[in-house]
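The structure displayed is predicted, hence computed values, not measured ones. When reading the values below, keep in mind they use all heavy atoms of this one structure, side chains included, and skip hydrogens, waters and symmetry mates.
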Amino acid sequence: MTNPQNTILRNSMPGSLVMMKRLGFQPKTVIDVGAGLGTFSLYETFPNSRHFLIEPIAENEPYLAQICRNLKNAEYIIAGATKESGYLNLSVSPDLVSSSTSPSNESNSVDPYLRTIPAITLDEVCRKHNLEGPYLIKVDVDGQEIDVLAGATQILQQAEYVIVEVTLFGQMYEVMNLMKSHGFVAYDIVEQAYRPSDAVLWQVDMAFVKESGQFRKESNYSIGQQDRAEVSSYLKAYRENLISYIHTYYNKHQESDNIESQKQMSTLETPPIKAIDSDRYVII
């Protein structure tokens, strides 16, 4: 029996990463932009890769340091990744979970949740720290993902898998268009988050791969003979389940309908057209 604690959901980020690893993907460098308190699935799925963590909230530094000490090859930097180097004005939420940025060279000594931090680009980071491709890049920066990607134009050429948090009420299509301009296409969607007020889908993590890369070589739904057999078996069971559902939940008026139908047909002068046997024909 499968232990639920060891089960990885396919529609989660760990599920997406494990799938890529099984397909043969092994990044040389994993770049975690907006690391927070750590994106553990990145580190644990690819323990032999070099990991570089970028996080703007200084209060998270002790925990990132602890994570990096226990990884094979990892380091971190407290800074904001964006489209050009310099400084950013960072406004941190009191819960220390989210933040927002704006260009600024002025510090604030009154509000502890408003501070000025270094701003770096991913292209600059990779040059300065000799981070080699192929890259796996994860970007989760509370709506500023476009700016981060705009500062990664060089390394995107060597990136094979890019995971970006997008919101359906914000920058989703901007992210898709930018990635498309760099030769990427949407490949996976995981970590669906729903708005608590009305359960509307709010944001997802969208994964991108190179349109001309190894993970887009096959476009058919089923590939090998075994795949086709499994699909055929699934569709057969799918049809049988639908029929069973119809018989179970849509038959309460069947008997009365049949009696009424017989009464109506008995008044006709010409023989009725033969009815289709509902047990043998179902429209799906």
Side-chain angles (χ1 to χ4, degrees), residues 13-14 16-18 20-21 25-58 60-61 63-85 88 90 99 101 117-166 171 175 178-179 182-184 186-188 190-191 205-210 213 215:
M13 183 182 292
S16 182
L17 295 174
V18 168
M20 295 302 294
K21 186 174 184 178
F25 180 48
Q26 184 59 51
K28 191 87 171 181
T29 302
V30 176
I31 304 175
D32 186 3
V33 184
L37 292 173
T39 310
F40 312 120
S41 56
L42 288 175
Y43 324 141
E44 295 167 9
T45 305
F46 300 104
N48 296 320
S49 299
R50 184 177 180 183
H51 292 270
F52 198 91
L53 287 57
I54 302 173
E55 168 58 27
I57 300 178
N60 292 333
E61 182 173 5
Y63 310 102
L64 298 182
Q66 182 177 348
I67 291 172
C68 289
R69 284 195 299 268
N70 286 274
L71 293 176
K72 184 177 180 180
N73 187 0
E75 55 191 303
Y76 72 90
I77 183 174
I78 300 300
T82 186
K83 56 187 176 183
E84 58 185 20
S85 302
L88 286 174
L90 184 73
S99 62
T101 60
I117 63 170
I120 48 90
T121 71
L122 294 190
D123 287 338
E124 175 190 16
V125 164
C126 288
R127 286 195 304 270
K128 183 177 179 180
H129 295 270
N130 297 314
L131 304 180
E132 300 179 16
Y135 302 104
L136 186 163
I137 305 172
K138 183 228 88 177
V139 184
D140 178 356
V141 290
D142 299 324
Q144 303 302 314
E145 287 77 12
I146 288 293
D147 285 346
V148 174
L149 296 170
T153 56
Q154 296 177 23
I155 68 168
L156 282 175
Q157 299 175 25
Q158 300 181 60
E160 291 293 336
Y161 203 63
V162 183
I163 307 170
V164 186
E165 183 184 77
V166 300
Q171 35 59 300
V175 170
L178 187 148
M179 294 302 292
H182 288 285
F184 286 83
Y187 187 72
D188 204 1
V190 297
E191 302 295 350
D205 287 343
M206 183 173 287
F208 298 87
V209 297
K210 289 287 180 59
F215 302 112

Classify the angle between the aromatic ring planes of F215 and Y187 as parallel (below 30°), tilted (30 to 60°) or perpendicular (above 60°). tilted
Give the ring-plane orientation class for H129 versus F52, where under 30° counts as parallel, over 60° as perpendicular and anything between as tilted. tilted
Which pair of non-hydrogen atoms, one from [X] and one from [Y], has the smallest distance, and what is that distance?
X    : Y    : value
I120 : S85  : CA-OG, 4.3 Å
L122 : I137 : CD1-CG2, 4.2 Å
Q26  : P134 : O-CG, 4.3 Å
A159 : V162 : CB-CG2, 4.0 Å
A119 : E84  : CB-O, 3.9 Å
C68  : L53  : SG-CD2, 4.2 Å

So, the side chain of [X] versus the backbone of [Y]: is there a donor-acceptor pair under 3.5 Å, distance only?
X    : Y    : result
K210 : Q157 : yes
D123 : I155 : yes
H51  : F46  : yes
E191 : D205 : no
D32  : G38  : no
E55  : A35  : yes
K138 : L42  : no

Within this structure, what is the [atom1]-[atom2] distance for the pair [X] and [Y], rounded to the nearest 0.5 Å?
X    : Y    : atom1 : atom2 : value
T29  : Q158 : OG1   : CD    : 9.5 Å
E61  : L37  : CD    : CG    : 12.5 Å
N48  : K72  : CG    : NZ    : 4.0 Å
Q171 : Q144 : CD    : CD    : 9.0 Å
K28  : E160 : NZ    : CD    : 14.0 Å
I77  : L64  : CD1   : CG    : 12.0 Å

Answer yes or no: does atom OH of Y63 have more than 12 heavy-atom neighbours from other residues, nucleotides or ligands under 6.0 Å? no
Going by heavy atoms in the side chains, are [X] and [Y] under 4.5 Å from each other?
X    : Y    : answer
Y161 : D188 : yes
L17  : L136 : yes
M20  : T45  : no
Y76  : I67  : no
E145 : V166 : no

Go through the steps for L90 and L88 under the test side-chain contact (heavy atoms from CB on, under 4.5 Å), then give the verdict. CA-CA 6 Å; L90 184 73; L88 286 174; 5.7 Å; no
Carefully, step by step, assess V141 and D147 under the rule side-chain contact (heavy atoms from CB on, under 4.5 Å). CA-CA 10 Å; V141 290; D147 285 346; over 6 Å; no
Applying side-chain contact (heavy atoms from CB on, under 4.5 Å) to L149 and M179, what does each step give before you reach the verdict? CA-CA 8 Å; L149 296 170; M179 294 302 292; 4.0 Å; yes
Let me see the working for S16 and I163 under side-chain contact (heavy atoms from CB on, under 4.5 Å), right down to the final yes or no. CA-CA 10 Å; S16 182; I163 307 170; 5.6 Å; no
